[in-house]
Protein chains: 2
Amino acid sequence: MATESKTEIIRRSILDVTRKLLVEKGINNISTRMIARQVGCSVGLIYFHFKSKDELTHTLIEEGFDMLVERQESAEKAHENPVERLAALSRAYLNFALENPEYYEIMFMLKPERMARYPAEKYRKARRSVEVVARTLKDCAKENLMVVEDPYLNAHISWSFMHGVITLIQAQRIDKRIANDTMIEAAIEQIIRMHLHPAADNPI
Amino acid sequence: MATESKTEIIRRSILDVTRKLLVEKGINNISTRMIARQVGCSVGLIYFHFKSKDELTHTLIEEGFDMLVERQESAEKAHENPVERLAALSRAYLNFALENPEYYEIMFMLKPERMARYPAEKYRKARRSVEVVARTLKDCAKENLMVVEDPYLNAHISWSFMHGVITLIQAQRIDKRIANDTMIEAAIEQIIRMHLHPAADNPI
DNA sequence: CAAAAAATTGAACACTGTTCAATGGTTTTT
DNA sequence: AAAAACCATTGAACAGTGTTCAATTTTTTG
């Protein structure tokens, strides 16, 4: 194992503490002072290693996308049938979000002013999350299992759908008579349904 | 018109300024001091009329739901055909959100800790927004135009879908090669499609 | 007019992200 | 080894946040 210099250790320690606090309290309930206190250093030192709280957050955002994409790509490989693959992909996304709400928040719910500084090259990894869905939709269309005019657009549509379900669940806005599981399962079903061939006698 | 007492005038003035600042800057970029400065009073006075910034926000949230529900109910009345009505309802919701992003933010994007204090009786008006969709879905099913097992659940599903599209658009997370209009139209189409009768030969 | 009540102020508290001159500690250069 | 350069670190400060509260003014009531 590569020996870490004292500086690297402190940098890692700042990240470790921030990650821990993030998961415990969410990004908006942690401060640079809290991090410094728990690391055992001054606030100034955090700003020596990271140029802002946002940059600290961005590092964790990247971690989050690594986790998500890993889950999605493993789901992708696990299913031959592209329709099943689409369902598995959706489930992977939704489960990741439910299990890691604080990561999900920094990855997908930060306002543009905080994300504007997010390094452009890192967006690529973020985009892979949508591309894996687009690929699968393309496969579904190719095998004539679904109607998909524009896979990339429809991937964004599916993504939006899931994002909406997740954010409303996490904001506790769904009527409590509807269980979270019910919402999740219904969402997956409708993501499939909306791409199926419609019956001929539908009123368009 | 009822003559307003000085106290009522100041209360209204605080609300007017807050509304104006909300629309200009969004809830997270306005402070009680900014409001006080623009009203021409001290911060303390704001806390005499409203017990917190959240209570001030809640008043505007109610305004927002009045606007939204009005739009939805007028769209509801405008269409005999329930499928067309569903499309019109969706369009009303989406347009409201796009035209009033700051209202939408306080209505649907505030975290539970701020909404927890939101008075329970006011939630009723908020719920009407989902109930009008549920009614329409029920009508679609009754006339055998759509397959809707549980209208209330499916109304939540449609709502989540729209909420996801709106929030991702407003957070500027959609690939810029996809126009906002394209997303909106695709979403409305899919809300209809996902409820249609599927063709018999679909791989479920 | 005096007393009670309501409305209003301004200072304070405990936070927030961020900056920066001053410091101590290592290396590197002479 | 001494001097210079560099890196890492601190603590105080700045300007901002939501909120509280004793003191004060203004208005209403008896």
Side-chain angles (χ1 to χ4, degrees), chain A residues 3-19 21-22 24-61 102 105-106 110-118, chain B residues 2-19 21-22 24-61 102 105-106 109-118:
Chain A
T3 48
E4 280 180 316
S5 73
K6 219 176 235 171
T7 318
E8 283 163 340
I9 288 175
I10 228 274
R11 203 195 122 96
R12 282 249 338 226
S13 172
I14 292 171
L15 270 172
D16 289 345
V17 167
T18 308
R19 186 183 312 110
L21 287 175
L22 171 79
E24 272 175 27
K25 303 167 179 288
I27 195 66
N28 291 318
N29 296 309
I30 67 182
S31 68
T32 50
R33 276 160 184 85
M34 286 176 63
I35 297 165
R37 216 175 298 136
Q38 206 147 131
V39 169
C41 69
S42 65
V43 265
L45 190 53
I46 290 176
Y47 284 85
F48 175 77
H49 288 279
F50 301 89
K51 80 171 194 295
S52 66
K53 189 189 173 187
D54 278 355
E55 192 182 291
L56 204 40
T57 309
H58 292 340
T59 311
L60 297 179
I61 290 177
E102 304 84 6
E105 182 180 8
I106 60 173
L110 292 190
K111 312 237 74 188
E113 62 254 31
R114 299 183 91 186
M115 288 304 288
R117 314 186 200 171
Y118 193 65
Chain B
T3 48
E4 280 180 313
S5 73
K6 216 176 239 175
T7 318
E8 283 163 341
I9 288 176
I10 227 276
R11 203 195 122 95
R12 280 248 338 223
S13 171
I14 291 171
L15 270 173
D16 289 346
V17 167
T18 308
R19 187 184 310 109
L21 286 175
L22 171 79
E24 271 176 27
K25 303 166 179 291
I27 195 66
N28 290 317
N29 297 309
I30 67 182
S31 68
T32 50
R33 276 160 184 88
M34 286 175 62
I35 296 166
R37 216 175 298 139
Q38 204 145 133
V39 169
C41 69
S42 65
V43 265
L45 190 52
I46 291 176
Y47 283 85
F48 175 77
H49 288 279
F50 301 88
K51 81 170 194 294
S52 65
K53 188 189 173 187
D54 279 355
E55 193 181 290
L56 203 40
T57 308
H58 292 340
T59 311
L60 297 179
I61 289 177
E102 304 83 6
E105 182 179 8
I106 62 173
M109 293 165 76
L110 292 189
K111 311 238 78 189
E113 62 254 31
R114 299 182 93 185
M115 288 304 287
R117 314 186 201 171
Y118 193 66

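Reminder, nothing fancy here: chain letters follow the sequence lines and each chain counts from 1.
Here the closest heavy-atom approach between residue A/I27 and residue A/K53 is recorded as O-NZ, 3.2 Å.
Atom CD1 in A/I10 sits about 15 Å away from atom C1' in C/dG25, given to the nearest Å. Rounding to whole angstrom units, CD1 of residue A/I35 and P of D/dT10 are separated by 15 Å. To the nearest angstrom, C1' of C/dG10 lies 14 Å from CD1 of B/I46. In this structure, the CD1 atom of A/I9 is 16 Å from the C1' atom of D/dT9, given to the nearest Å. Regarding A/I14, its CD1 atom lies at a distance of 11 Å from the C1' atom of D/dT9, rounded to whole Å. Taking atom NE2 of B/H49 as the reference point, atom P of C/dA6 lies 13 Å away to the nearest angstrom. When rounded to the nearest whole Å, the span between CZ of B/F50 and P of C/dA7 equals 13 Å.
The side-chain contact (heavy atoms from CB on, under 4.5 Å) with A/I14 is formed by just one residue from the set A/T59, A/I9, A/V39; it is A/V39. The one candidate from B/I35, B/N29, B/D16 that meets the side-chain contact (heavy atoms from CB on, under 4.5 Å) condition with B/L21 is B/I35.
Partners of B/E105 by salt bridge (charged side-chain N to carboxylate O under 4.0 Å, His left out), not counting sequence neighbours, listed by chain and number: A/K111. For the salt bridge (charged side-chain N to carboxylate O under 4.0 Å, His left out) test, residues two or more places apart in sequence or in another chain that qualify with B/R117 are B/D54. Applying the salt bridge (charged side-chain N to carboxylate O under 4.0 Å, His left out) test to A/R33 and every residue at least two apart in sequence or in another chain returns nothing.
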Run the side-chain donor-acceptor check on residues 43-51 of chain B: report pairs under 3.5 Å with partners two or more places apart or on a different chain.
unit_1	atom_1	unit_2	atom_2	d
B/K51	NZ	B/E55	OE1	3.4

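Considering only side-chain N and O atoms, A/T7 lies under 4.0 angstrom from the phosphate OP1 or OP2 of D/dA8.
Listed by first residue number, the stems of DNA chain D with at least three Watson-Crick or G-U pairs below 3.5 Å are C:3-23 with D:8-28, C:25-30 with D:1-6.
A 4.5 Å side-chain heavy-atom check between A/T32 and A/L56 finds every atom pair outside the cut-off. Residues B/L15 and B/L60 meet the side-chain proximity criterion, which asks for heavy atoms closer than 4.5 Å.
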- Query: Tell me, for nucleotides 13-30 of chain D in 5' to 3' order, what letter each nucleotide earns: B for a base near a protein heavy atom under 4.0 Å, S for only sugar-phosphate near one, - for neither?
  - Reply: B---BBBB------S---
